[in-house]
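Here is the structure we will look at.
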Amino acid sequence: MKNKYSIFSLFKNALSYHENWQRAWKDPAPKKEYDAVIVGGGGHGLATAYYLAKKHNMQNIAVVEKGWIGGGNTGRNTTIIRSNYLWDASAGLYDHALKIWEGLSQELNYNVMFSQRGVMNLAHNLQDVRDLKRRTHANRLNGIDAVYLNTEEVKKFCPIINTSQDIRYPVLGGTLQRRAGTARHDAVAWGYARGADEMGVDIIQNCEVKSIKRSGDTVEGIETTKGFIKTKKIGVVAAGHSSVVANMAGLKLPLESKPLQALVSEPVKPIIDTVVMSNAVHAYVSQSDKGELVIGAGTDDYISYSQKGSHQIVEGTLNAILELYPIFSRMRMLRQWGGIVDICPDASPILSKTSIKGLYFNCGWGTGGFKATPGSGDLFAHTIANDEPHKLNAAFNLNRFVSGDLVDEHGAAAVAH
Amino acid sequence: MFLINCPYCGERDQQEFKAGGEAHIERPKHPTELSDDEWAEYLFMRKNIKGVQFERWNHAHGCRKWFNMARDTSNDEIKAIYKMGEKPPTQ
């Protein structure tokens, strides 16, 4: 049983110099057999394990992670959460996640620092204006809060934006989702890990999957760096490395893995109290609670697993940032990094069964998976437990690339991919 | 970010090039006879290899010619560059 985190436990532990906090999760050796194994200990994988244990009564499960939990894309993203997607299927998926985010800190008894500071998407040309207005209407029909702002309203909501009509890509308007915002990415992984561990889930770090054992079209287990683990159900949540794991099972996925970069500035006093994204010039920025500007750049166009992107991608993003926010012109950037994102041809994720019985994939989140973490875990857990997708993720099956029933969020998703 | 030795122009900055994805995916010879599964395989399914991968590149801001490359995607090291129509290197 985990001790409850509260102001009193903080006070109590302060008296012993914070040296006697209870371990948040154990460090077990893998058992011989589990009812299900989740491959990948990022936010999505840990959330999947958490909901499998909590809602589907599957406690004899494990999460295997080749590095440390939350050390991949969970710790590398720009922490933006929103659900203002165009198509009905996406709106259902992402708003399901947003609703869970709203009560997540209480549910996990772990402060994920979810902050509904709003996300504003800018329009820089007439086509942007038409697209964003259309998306605003589509969002409202799906019960998702969205408003369209004209240039003056954009300026009022975020006064540091340069709304001069003389710049190369002038701000013609924007959309605002007030329920959207940010969360602390590490805390999401840690909170889910702690919650899952409490219910008996084994979180096994430094354990890389080497092969998937099959008998005919049924999975039998996984060979790992810590030995063979027998299981009937394998849920793969390996983000950029999904294709690598799929190849072990003899499957091909419609994915390309590419480096996506982000960077943060030196910390400064509060200057931007929302998240502003721009599709056309590809720049998005928010400010962390530490005061750093968190800036998201784009993906490179070539496949790479190197976690390093090209310099010109960062340069292009900073050009756009400086035109929109001249006030940042003398800021210094502290850190820059890359993560490997797995991108689907239709820029929508895959949460699906496969042609192999007992093998499930949750992948293809591309450049925007963090926002969906709780919803993705919940729906993937449902899919694994019932061997059938939930109605909210039914459209995100692997077979859509055969049937042609794609969920084409390229461009429509309000962010460049 | 790396340098690419264009077979027509010589060594140039990667910024001048456009990646064209996996190479040697053959266009179906009889498209009308293809099943949906075969179309999916041709259009969408990719090896997405971590390791040495054969891929197409275009010198978009140079000679604008296409060529092939063998590149290790785990560290971006270029192993070989060869022209369109040529067989991939075996080593």
Side-chain angles (χ1 to χ4, degrees), chain A residues 66 208 238-248 250-259 261 297 299-316 336 338 340-348 350 354-355 363-364 397-406 408, chain B residues 1-6 12-26 28 31 34-62 64 66-81 88:
Chain A
K66 74 170 173 179
E208 185 175 353
H241 281 71
S242 297
S243 296
V244 176
V245 183
N247 290 343
M248 291 174 190
L251 276 183
K252 252 161 109 180
L253 295 173
L255 297 175
E256 289 192 318
S257 297
K258 297 176 176 180
Q261 295 178 82
T299 50
D300 277 291
D301 64 348
Y302 55 87
I303 292 170
S304 177
Y305 289 84
S306 66
Q307 292 189 329
K308 284 182 286 196
S310 302
H311 181 68
Q312 78 265 14
I313 302 282
V314 171
E315 199 178 13
Q336 166 274 345
I340 303 305
V341 296
D342 44 329
I343 301 176
C344 263
D346 60 354
S348 285
I350 297 167
T354 63
S355 53
C363 58
N397 61 61
L398 196 47
N399 198 50
R400 72 180 190 265
F401 298 97
V402 177
S403 70
D405 191 11
L406 303 179
D408 186 8
Chain B
M1 195 169 206
F2 37 85
L3 294 172
I4 295 175
N5 197 1
C6 170
R12 300 291 181 88
D13 195 301
Q14 171 241 324
Q15 224 181 126
E16 294 185 13
F17 297 82
K18 180 100 184 87
E22 192 179 322
H24 309 298
I25 298 173
E26 210 173 313
L34 244 50
S35 69
D36 287 352
D37 281 315
E38 287 165 331
W39 271 120
E41 181 73 21
Y42 168 67
L43 287 174
F44 298 125
M45 301 303 166
R46 295 293 177 262
K47 289 181 191 151
N48 197 21
I49 291 169
K50 184 181 187 180
V52 177
Q53 161 166 286
F54 302 119
E55 53 194 17
R56 300 176 305 169
W57 284 76
N58 179 234
H59 195 179
H61 300 285
R64 298 172 64 192
W66 285 90
F67 57 92
N68 291 316
M69 184 190 292
R71 187 175 57 95
D72 189 336
T73 58
S74 64
N75 57 13
D76 294 337
E77 192 187 331
I78 298 169
K79 302 287 187 188
I81 286 177

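Note on naming: letters A, B, ... go to the chains in the order of the sequence lines (proteins, then strands), and numbering restarts at 1 for each one. This structure is a prediction, so every number in the text was calculated from the model and none was measured.
- Within the structure, the salt bridge (Lys or Arg N to Asp or Glu O under 4.0 Å) test picks out the following pairs touching residues 12-25 of chain B (sequence neighbours left out): A:D301-B:K18, B:R12-B:E16.
- Comparing A:I340, A:N247, A:L255 by how many heavy-atom pairs each has under 4.5 Å with chain B, the most go to A:L255.
- With respect to the salt-bridge test (charged N to carboxylate O, under 4.0 angstrom), the residues A:K308 and B:D76 do not qualify.
- If you measure heavy-atom distances from A:D346 to chain B, you find no contacts under 4.5 Å at all.
- Between A:Y302 and B:W57, the two ring planes are tilted [angle within 30° to 60°].
- Every ring pair (Phe, Tyr, Trp, His ring centres under 6.0 Å) that B:F44 has, sequence neighbours left out, goes to A:F401.
- Neither the backbone nor the side chain of B:E38 comes within less than 4.5 Å of any heavy atom in chain A.
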